[in-house]
Amino acid sequence: MFEKVGDASFIKGEHEVLKFWEQNSIFDKLRQQNAGKPKWNFLDGPITANNPMGVHHAWGRTYKDAYQRYYAMTGHELRYQNGFDCQGLWVEVEVEKELNLGSKTAIAEYGIDKFVDACKRRVLKFAARQTEQSIRLGYWTDWDDPDTLRLLASKIGTEEVVTITTPSGKTESGTASELVARLGNAEWGGSYFTFSTENNETIWAFLKKCFRRGKIYRGYDVMPWSGRGGSAYSQMEVADGRKLTVHKSIFVRFPLVQNAASQTSEVLKTSEVSNANEFLLVWTTTPWTLTSNVAAAVNPDLDYVKLRSKRDGSVYYFAKDNLEYPRLAKEFKEGFGRTEWSWPTGVPKLKSIAQIFKEQGGYEIEATLKGSEMIGWEYTGPFDDLPAQSALGGVPFDPRVKDKCGKACHRVVDGGRDFKGNPMVVAGEGTGIVHIAPGCGDVDHTLGQQLGIVGIAPLGEDGSFLDGFGPFTGRNSTDPATAEFVFEQLKAKHLLVNVEQYPHIYPHCWRTGDELVFRLVDEWFINMDWRDEIKEVTESIRWLPDSVNGKERELEWLTSMRDWMISKKRFWGLALPIWVEEYEVNGEKRLDFEVMGSLEELKSRAVEGWEVLEGHTPHRPWIDAVKIKNPKTGRLMSRIVDVGNPWLDAGIVPFSTTQFNTNREAWQSQYPLDLVTECFPGQFRNWFYSMLSLATMMMWDEVSGTALAAGDSPETSSPQPSRPPAASALPLTAEQKRPFKTLLGHRLVMNEDGQPMHKSDGTAIWFEEAAEQLGVDTMRWMYLAHNPAQDLRFGTRHKDKPVTIETPDGPTDHTAEGLPVCEVVSKPADEVRRQILIPLWNSYSFFVNYARLDEFDPLAPQVPVEERPEIDRWILSNLQALIATSRREFENYNTPGVCSAAAAFIDDLSNWYIRRNRRRFWRSREASDTDKLAAYQTMYEVLVTLAKLLAPCAPFVCERMYQNLVVNGLRTLERNELVKWLGSELDEQSNWAFRLGFKRWPEKWEVPADNNSAVYAFAKNSCEDVPRSVHLCRFPQPDWRNDHDDGDMEGRPLDPELNERMALAQLVVKLGHKLREEADLRVRQPLAELRFACSDPWRRIAIERLADVIEEELNLKKLTSCDHLDDLVSYVYKPNQKALGPKYGKLLGAITQTLAATDPNTLAPLRRGESVTLKVDSGRTGSGQESQPTEVVLLPADIFITTQQAAEWISTDERGVQIALSTHLTPELLQEGIARDFVRQVQQLRKDANLEIQDRINVYYSADNGDVTVALTNWSEYLKTETLANTLDALNAIPTDTKSVTVGNAKVTIWIEVAK
RNA sequence: GGGCGUAUAGCUCAGUUGGCUAGAGCGCAGCUCUGAUAAAGCUGAGGUCCUCGGUUCGAAUCCAAGUACGCCCA
């Protein structure tokens, strides 16, 4: 029998459910149940195991869990693997902080091995933490035991042998390092870790393929560089660290070499030319780069001016449009595009160039010329005295330009165009003459390469000037004092024109916050000239949601991206498997390198150092010891010290986690994966990009027939039989290469105002803060119902309001990291709870609490659906629609569709079905009351089905409903009976059978000698398999009578007509409520009659059939169907444009006018379904003559009829239904209204007294109003029945502490006592 | 500068192939109901559908231009 249902207590309930799942191994049972079924493969994007989860992580994880639960309930075998991202700078940064190491040298001194072990420890620690958080969210996957992870973390770096039990149940021993390197392998189960040897080695295989295709190269490029981090940043990382910064920018002048101008410019030849004192005007925000200036670029098509300063007669050249250009005028007013990027206070508005020269004594424009005329002019650089400017071949030496030096290259050059064809030099900011330092900027570097001029790279690894830069040597490039020093020098040389404060968005190191500089570096790259192959793969993937245009965004990135920099000069990460030897032959530098594709290959090639690596993971520092022999020279090759870009780690997982290297058949059954879902901003150039690239390359030399068959039938997810190699192996199609079939992206979690939440300012909400205050079912629903294409405005963390939360381990006011737990307010969560979860719970509790009283038996024979009342069939029909919608939307990966349909259903259930049927549940028990039984059975089916339908979305509350409705509900024996019969207490298994009322008969039980016992008979007769958890149930199927695979297809099909009829009834009720409102007539006051008219005969009959529903809901004595309401109302006729437009075209305007002017009586036949002919004057024709009136035949369908006025009665209309409500109140009606008021007040008193719903009472009242007394006397029997009163008496002796209440228009004092 | 996207009620957003009086939730105001009580329902106020053209009998919807904002790229 059901247990009584009290308050929802959602959060407490969630903890109970978690315990239930764990104690009963429900997840394991689900996996067993689905083993061998068709596969559905989800691929988890690895979460960085570096910090605890916030609410922003929970969105994606809710998707991941909900879709996996859905596919499990629809009978699929799933991979169930979570992933942790483990390697890379993110972790290093935090470990550096933990260990208080400030720099790369400090780490080297500390010991790379110890440092790497510390990184592993941190990853394991937070993997354990995130695992626990995910479990709290209800995320079901093959989790490692968090305690095992913590044990491994504590033993990392020791030689101690540790024994662990893997998630799959195996017992394994080894050092922590050995075990950790194998985490997540297919035999052990559990989450994958990107630091695993398998993951790293699979990347090696990828890089080997790149190498075989000749795509790996060492390049010199100017990259953003962090001086403190000692590392270059890739294009991807830079975008994450942009900040608004104020730099000192300067206008500086480069003296032109005498006669240079007049030599080339046609314009200047003919004008009065002064050969002295002519300058290029140049502007820069990075003054330190002037030391390394080599050239000055112009746009040949742009107009330039020759300006003479009146102060000293100097002449300046710069772009004409820049003279008056309002520099950063928009930014001054509106900021730089983000709220935190408003114009910095204290920074003055920028001056235009004209203004600068005016302030310096005025100017005049002497001539205008094209940029093309300036190309080739020679100038003198600002720091030509530095030795570096005279170094042949530049700095560092480049043999291709060994005869040139920096200062010999100083010329005006064409800035050229970018890859899209846009000019690199444009008017606007600056001067239209761009200072080019090929060693200090990426554009400069590219241009320098094109022009064949030398480069001067001034900075060392720490961001300071190298030798050869005179007084600059040793100075740090980002130090403001260095800029000041540049200004001093320029001033002394009379080259400084103006210094100003210049705010702009500048890249910063996202970890230290330091400014990045552009530095010439040698890094390793993958040549991405095979981007078209990746694009094809991209095209073959389904990108959701549609509105985000993910495919286009990815393709755009693939078009514009540059070669992929994969190296980083750091410690913790993938050891790039590149071995090199650098040497000189005849003074020429040579670089030989090889890429190892596996550890096995490395071992076979290793000539020394293998013993150092043995027993360790292939990480620094151990792998650095291994040397191989260079076959060309016979000398040793060493590994480059760089570690890999972490996106390689995440990009390889479609292969490394699917046994690509170890078990091709297992891999084939999973590839391509069905779904990937991740928060998308940024991932188009990160994870999505890396997966697409790596998959394309991995599949490059695979062939169909031998390689895979999965792509052959992309629509099915069943395992493919392995096939013999095809006779003719074909190259793979993009569809076969793609790593996954569908990608579902979602946007970001924001605060209440739509602004990002930051850890640093205390606005970021930690997962448990939200979970234990809002409830995770609530959060999950909020995530699942939200449009993934839009940011989710989660709510606000009040950092000044600490709170204490309940956890399974007791109350706490801080997180595991020691941060205070603060109040979290979330409007959308409150809305979900109020609109979805509470109505659902209330519906459930209403049902259970009455079903208990009536001892409703779910196993009682079903009242045939056809025999149930219309309203029962209506809600069941709606349920069918909901089942179909839910399945469709889950399979479209559109949970908002599921949630909105479910929300509408729950609203119908609670605000229509239950409200309309309450009285059926209240009736006293009678065995023959099949109507009541039908109500119970209907609601039981609705609630059980709902629990299953919503189980993927709100797994906790659905489990609680299911446990009570199904598990408890089917239990028909009392526990003590069973204990008596067994003669012992119940063990776990028999306890379960007991809860099922013996629905599952355990084999091991011995049949008692007295097998005639009633208990045994019952158990034997009802041997049926009832799943133990809602999550072990099949997802409901439409039109199936029940949930079992018994082939019973007898349907309960959707009845759209019934749904339409009920919608009409709801419409009439809504209109009736509106009229009552207008006439100020409360619903408790019965009214005599409601009349309605409707020209559509079907709808008229529909309303008639539901008259009882409408009468009861609106408290009416009579509902009358009428042909027309002519004597009560008047009508307005409006054209149906959709019908008339196509028929009459231009005449429509005239018809509308004519219709408005026509006597309504003429149009009356339309209401009877007849047509009417109108003469319509179509106005003037083109020739200006009066046209002949046109005869227009109007059909009823051409016209909308609405009600306008009411006489005596009140009336309204909507969607072609007109109603009129009688407002006339007879004494009888008034009396009944008084009686209903009285009942209501008594019920309130019952509630105030906390009476049980079945308690009987005595009622007393005192009224000095005659009408009330008469009414109560006349209605006394009714009153007693309604309030379960034995007596109803008028008394004058009013007890104290009673209040008088309003009944009708009178004041009455009522009090009650419990009947003896 | 280029590409993509967005612009509808105070706020957050729907609005399907052009067609009825442009909708929902929240908020606000009022009312009702309560034998579901952490309830619930109803009604109301509130809109130049960013602007200006064009196509059409008819445009929030399609086309063009512009404005503003967002994202990406440079």
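Because the structure is a prediction, the values reported are computed rather than measured.
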Taking the C1' atom in each of rA14(B) and rC26(B), what is the distance between them to the nearest angstrom? 14 Å
By nearest-heavy-atom nucleotide on RNA chain B, the more 5' of Asp907(A) and Arg747(A) is Asp907(A)
Answer yes if the ring centres of Phe794(A) and Trp59(A) are under 6.0 angstrom apart, and no otherwise. no
Quick one: Glu1282(A) CD to rU34(B) C1', roughly how many Å, whole number? 14 Å
Any pair with a residue in residues 828-840 of chain A that passes side chain to side chain donor-acceptor pair (under 3.5 Å), sequence neighbours left out, goes on the list, sorted by first then second residue, please. Asp830(A)-Arg833(A)
Thr538(A) and Glu554(A): side chain donor to acceptor below 3.5 Å: no
Please measure how far the C1' atom in rC20(B) lies from the corresponding atom in rG58(B), and state the result in whole Å. 12 Å
What's the closest nucleotide to the side chain of Asn842(A) if the choices are rA38(B), rG35(B), rA39(B)? rA39(B)
Base, sugar-phosphate, or nothing: which does Ser900(A) touch, judged by heavy atoms less than 4.0 Å apart? nothing
Can you check the distance between rG2(B) and rU16(B), where both ends of the measurement are the C1' atom (answer in whole Å)? 33 Å
Side chain of Leu1284(A), heavy atoms from C-beta onward: which of rA38(B), rG35(B), rU37(B) has the nearest atom to it? rG35(B)
Nearest to side-chain heavy atoms of Asn787(A), which nucleotide of rA14(B), rG35(B), rA40(B): rA14(B)
Identify whether any heavy atom of Asp7(A) sits under 4.0 Å from a base atom; if not, whether one sits that close to sugar-phosphate; answer base, sugar-phosphate or nothing. sugar-phosphate
How does protein reach along nucleotides 25-32 of chain B, written 5' to 3' as B (base within reach of a heavy atom under 4.0 Å), S (only sugar-phosphate), or - (no contact)? SS---BSS
Taking the C1' atom in each of rA39(B) and rU21(B), what is the distance between them to the nearest angstrom? 34 Å
Ion pair present between Asp854(A) and Lys932(A), side-chain N to carboxylate O less than 4.0 angstrom? yes
Given the rule in the salt bridge (charged side-chain N to carboxylate O under 4.0 Å, His left out) test, do Glu806(A) and Lys12(A) qualify, once you have shown the distances and angles that lead to the verdict? CA-CA 9 Å; Glu806(A) 288 295 330; Lys12(A) 188 166 154 259; over 6 Å; no
Could you tell me how far apart Arg1236(A) (CZ) and rG35(B) (C1') are, to the nearest whole angstrom? 13 Å
Taken to the nearest whole Å, CZ/Phe846(A) to P/rU34(B) is 14 Å
Taken to the nearest whole Å, CG/Asp830(A) to P/rA38(B) is 15 Å
Could you state the atom-to-atom distance from CZ of Arg916(A) to C1' of rU34(B) in whole Å? 14 Å
Between the protein and nucleotides 4-11 of chain B, list every N/O to N/O distance that falls short of 3.5 Å.
none

Determine the interatomic distance between C1' on rA64(B) and the same-named atom on rG54(B); round to the nearest Å. 7 Å
How far, in whole Å, is rU8(B) from rG41(B) if one measures between their C1' atoms? 28 Å
Closest nucleotide among rG41(B), rC13(B), rA39(B) to the Gln790(A) side chain: rC13(B)
Could you tell me the separation between the CZ atom of Phe794(A) and the P atom of rU12(B), rounded to a whole number of Å? 19 Å
So if I take every side-chain heavy atom of Tyr850(A) and compare against rA40(B), rG35(B), rA38(B), which nucleotide ends up nearest? rG35(B)
Is a donor from one side chain sitting under 3.5 angstrom from an acceptor on the other, for Asn849(A) and Arg852(A)? no
When all nucleic acid strands are considered with a 4.0 Å heavy-atom cut-off, which category describes Tyr844(A): base, sugar-phosphate, or nothing? nothing
Could you state the atom-to-atom distance from CE of Met750(A) to P of rG70(B) in whole Å? 12 Å
On RNA chain B, check which nucleotide each of Leu853(A) and Val443(A) is closest to and give me the residue with the more 5' one. Leu853(A)
For Arg747(A) and Asn787(A), test the side chains for any donor-to-acceptor distance below 3.5 angstrom and give the result as yes or no. no
Taking the side chain of Arg1240(A) as heavy atoms from C-beta outward, which of rG41(B), rC72(B), rG35(B) is closest to it? rG35(B)
Using the C1' atom as the reference point in each nucleotide, state the distance between rU55(B) and rC63(B) in Å, no decimals. 7 Å
Residues which pass salt bridge (charged side-chain N to carboxylate O under 4.0 Å, His left out) with Lys551(A), listed by chain and number, not counting sequence neighbours: none
Test side chain to side chain contact (heavy atoms under 4.5 Å, CB included) applied to Glu1282(A) - qualifying residues, sequence neighbours left out: Arg919(A), Val1239(A), Tyr1278(A)
Are the aromatic ring centres of Phe921(A) and Phe847(A) under 6.0 angstrom apart? no
Could you check whether Tyr936(A) and Tyr940(A) have their ring centres less than 6.0 Å apart? no
Geometric class of the His504(A)/Tyr506(A) ring pair [parallel <30°, tilted 30-60°, perpendicular >60°]: tilted
Secondary structure of RNA chain B per the Watson-Crick/G-U criterion (both distances under 3.5 Å; [ ] crossing, | other strand, . unpaired) is (((((((..((((.....[...)))).(((((.......))))).....((.((..]....)).))))))))).
Using a strict threshold of under 4.0 Å (side-chain N to carboxylate O), is an ion pair present between Arg915(A) and Glu1113(A)? yes
Nucleotide rA24(B), atom C1' - distance to NE2 of His786(A) in whole Å: 15 Å
Residue pair Lys535(A) / Thr559(A), side-chain donor-acceptor N/O under 3.5 Å: yes
If you measure from the C1' atom in rC73(B) to the same atom in rC11(B), how many Å do you get, rounded? 33 Å
